[in-house]
Amino acid sequence: MLSNLDGGVHLDDAMEVSPQVPVHGSDDDAREGESTRALLRAAAERAANYLESLSARPVVPTAAAVAALARLDAPLPQHGSDALQTLAMLDELVSPATVAMAGPRFFGFVIGGSLPAALAANWLAGAWDQNAAFGSVTPGVARLEQSALRRLVALFELPRETAAGFVTGATVANFTALAAARHSVLARAGWNVEADGLFGAPPITVIAGEEAHPALFKSLGMLGMGRERIVRVACDSQGRMRADALPPIAGPTILCLQAGNVNSGAFDPFGPLIEQARLGGAWVHVDGAFGMWAKATASLRRLVDHMEAADSWSTDAHKWLNVPYDSGLAFVRDAHALKAAMAISADYLPQAGGDRNPSDFTPEMSRRARGVEVWAALQSLGRAGIAEMIERNCRQARRFAAGLSAKGYAVLNDVVLNQVLVSFGDAARTRRVVSRLQAEGTCWCGITLWQGHTAMRISVSNWSTGDQDVELSLEAMLRAAASV
Ligand SMILES: Cc1ncc(COP(=O)(O)O)c(C=O)c1O
């Protein structure tokens with residue numbers, strides 16, 4: 001499928017821009033154009049003001065800002081508002097009620113911000129409003145997305161023949177890749193799952209670690225493979241699947257591994273697990289929602305050694321690549337399996353012909369060209385910029401761990417990536433510290449349960465987080481802990 005990714009456009013090369021063809025319209029058109037321009041300028045101005053406020057404002061909104069949202073309960077008005085006024089309502093009512101997730105001191109879940117180039121690309125792509133389903137109909141974005149996918153396959157050092165698709169996030173990326181897995185293991189057993197469904201199909205054994213992300217089980221459930229039927233393999237103290245606990249593999253089998261545990265950041269040992277899976281003929285899938293990005297660095301890439309020996313991979317761009325939501329990626333070594341699971345055709349739809357139809361590789365047919373922001377992020381950072389961002393966030397995570405443990409608080413995980421788990425004592429005390437920290441507003445961290453212990457979770461994955469933000473946040477954490 002490389003030929004599909006490798007469409008022959010080399011966007012690194014200087015591009016010649018042809019002069020704009022003048023379009024003559026009426027005075028009304030001109031006035032309309034002027035007011036659209038004024039509106040977009042106003043939106044840009046408001047967005048820039050918002051972003052500039054993020055570093056100084058509390059991460060959480062005030063109670064008054066949240067209470068003001070009651071105005072949104074108003075019914076649909078009979079007559080519409082002027083667009084500038086609509087924009088002002090959005091900004092004045094909702095901006096103050098947002099959480100500063102895009103800012104440098106939000107450490108909850110695994111949340112990236114938006115790189116300036118990615119955000120600007122998102123605006124431009126919004127203006128383009130391309131339906132990215134068909135290569136021949138929207139050649140510009142189709143080729144751009146191919147370029148981004150080709151670059152990602154190279155960055156992650158996946159097999160050259162890998163096929164890929166842009167989806168909404170890692171949950172749907174898992175769904176997409178696992179649909180290809182389901183196709184492949186059943187096809188090998190002589191069953192066509194797309195044609196005949198799962199009724200009467202040979203059973204598939206699905207194996208995943210005890211510490212696999214719930215999104216994986218959701219995807220498997222949606223694919224009819226039963227959340228409760230999955231064979232769960234024991235993990236070690238860091239949440240890594242134990243290779244010695246892998247059951248014998250026989251018959252149609254899918255083994256699901258993980259690059260980056262959502263709590264500890266730990267990686268399953270790919271080498272021994274994939275070797276055993278290969279002997280049993282299983283399909284191996286890697287959920288690498290954020291951990292896969294370790295591959296882009298010199299200092300962390302050993303964590304994903306042998307990852308490329310799997311059959312499929314999923315990751316997010318809206319996490320560590322720092323593009324706007326919603327942006328996930330599904331990669332499948334066997335392009336035929338992915339296409340068999342996802343392809344669509346109808347008499348009125350353009351057939352792929354020489355072009356790659358993106359809708360043959362994703363669950364969606366119509367979709368926005370979310371690859372535009374991915375391409376812009378990759379282009380603006382380059383390999384060195386991506387590595388610097390990932391390594392800096394991991395160094396910052398280690399700084400949090402060192403600063404908290406120096407004051408006697410227990411760090412519960414080996415900080416191998418960007419995730420830190422901290423206990424401030426018993427569960428009740430840890431919860432009180434985190435509530436105090438969240439309310440104070442310097443930074444935001446969440447709560448989790450890690451192997452029976454309640455812990456504060458720190459996840460560092462924002463491009464704009466500076467060392468000064470880490471020091472400010474560390475002081476806030478220590479203040480919260482001292483006050484409880
Ligand atoms: C390992 C893993 N898989 C899947 C997901 C789900 O990602 P998304 O919310 O983008 O669907 C996450 C989210 O944190 C994750 O950490």
Side-chain angles (χ1 to χ4, degrees), residues 101 106-114 118 152 156 165-179 181 206 208-223 227 230 232-233 235 238-241 254-268 270 284-295 303-304 307 310 312-331 362-364 367 370-371 373-374 377 390 393-394 397 413 416-421 444-450 457-462:
M101 284 185 166
F106 187 89
F107 304 115
F109 316 107
V110 188
I111 300 280
S114 290
L152 286 164
F156 292 132
F166 287 100
V167 294
T168 50
T171 306
V172 179
N174 281 330
F175 172 86
T176 306
L178 289 165
V206 182
E210 284 288 357
E211 281 285 347
H213 194 278
L216 183 89
F217 300 107
K218 177 173 176 171
S219 313
L220 289 163
M222 290 191 291
L223 286 163
R227 295 186 193 203
I230 295 151
R232 307 286 291 262
V233 181
C235 291
Q238 298 304 312
R240 294 173 293 221
M241 192 189 283
I254 301 170
L255 172 64
C256 302
L257 304 180
Q258 186 165 256
N261 177 290
V262 77
N263 284 314
S264 69
F267 293 70
D268 288 340
F270 298 122
V284 182
H285 172 69
V286 177
D287 176 356
F290 60 101
M292 256 176 92
W293 295 90
K295 188 74 176 184
L303 294 168
V304 283
M307 171 184 79
S312 58
W313 308 263
S314 57
T315 195
D316 266 319
H318 60 220
K319 289 189 168 70
W320 230 342
L321 187 61
N322 279 262
V323 304
Y325 292 97
D326 39 19
S327 191
L329 291 144
F331 299 97
T362 59
E364 300 86 0
R367 66 169 175 86
R370 55 175 63 84
E373 298 109 76
V374 172
I390 307 288
N393 285 165
C394 294
N413 64 316
V416 293
L417 199 67
N418 60 338
Q419 305 292 124
V420 187
L421 301 170
W444 201 98
C445 297
I447 277 273
T448 193
L449 191 66
W450 175 245
R457 245 180 111 258
I458 309 173
S459 178
V460 194
S461 39
N462 191 297

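Whatever order the structure lists them in is the order used to number ligands and atoms, beginning at 1. We use all heavy atoms of the structure for the numbers below, so side chains are in, but hydrogens, waters and symmetry mates are not. Everything quoted here is computed from the prediction, not taken from an experiment.
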| message | Can you report which non-hydrogen protein atom sits closest to atom 7 (O) of ligand 1, along with the distance? | response | K319 NZ, 3.1 Å
| What class does the angle between the rings of Y325 and H318 fall in, given that below 30° is parallel, 30 to 60° is tilted and above 60° is perpendicular? | tilted
| said: To check your reading of the model: name the closest protein heavy atom to atom 3 (N) of ligand 1, its residue, and the distance in Å. | reply: D287 OD2, 2.7 Å
| note | Quick note on ligand 1: atoms under 4.0 Å from a heavy atom of F290 include exactly 16 (O)
| request: Please state which part of A215 comes within less than 4.0 Å of ligand 1, counting heavy atoms only: side chain, backbone, both or neither. | output: side chain
| query | Is any N or O atom of A170, backbone or side chain, closer than 3.5 Å to an N or O atom of ligand 1? | reply | yes
| said: Which residue and atom name correspond to the protein heavy atom nearest atom 15 (C) of ligand 1, and how close is it? | reply: H213 CD2, 3.2 Å
| said: As a quick check of understanding, evaluate side chain to side chain contact (heavy atoms under 4.5 Å, CB included) for F290 and D316, giving each step before the final call. | reply: CA-CA 6 Å; F290 60 101; D316 266 319; over 6 Å; no
| task | Can you see which heavy atom on R370 is nearest to which on D326, and at what distance? | result | NE-O, 2.7 Å
| request: Verify the distance criterion only: is there a donor paired with an acceptor across the side chains of W320 and N418 at less than 3.5 Å? | output: no
| In the protein, which heavy atom is nearest to atom 10 (O) of ligand 1, and how far is it? | D316 OD2, 2.7 Å
| said: Looking only at side-chain N and O atoms, does Q419 offer a donor or acceptor that is under 3.5 Å from a partner on S459? | reply: yes
| message | Please check this pair: side chain of R457 against backbone of G446, looking for a donor-acceptor N/O pair closer than 3.5 Å. | response | no
| request: Output the list of atoms in ligand 1 that are nearer than 4.0 Å to some heavy atom of G169, sorted by atom number. | output: 10 (O), 11 (O)
| query | Do any nitrogen or oxygen atoms of Q258 come within less than 3.5 Å of a nitrogen or oxygen of ligand 1? | reply | no
| request: Output the list of atoms in ligand 1 that are nearer than 4.0 Å to some heavy atom of H318, sorted by atom number. | output: 10 (O)
| query | Looking at V262, which atoms of ligand 1 are within less than 4.0 Å of one of its heavy atoms? | reply | 14 (O), 16 (O)
| said: Give me the nearest non-hydrogen protein atom to atom 11 (O) of ligand 1 as residue plus atom name, then the distance to 0.1 Å. | reply: T171 OG1, 2.5 Å
| Among side-chain atoms of T315 and W293, is any donor-acceptor pair under 3.5 angstrom? | yes
| message | If we ignore hydrogens and angles and just use 3.5 Å, is the side chain of D287 paired with the main-chain N or O of A289 as donor and acceptor? | response | yes
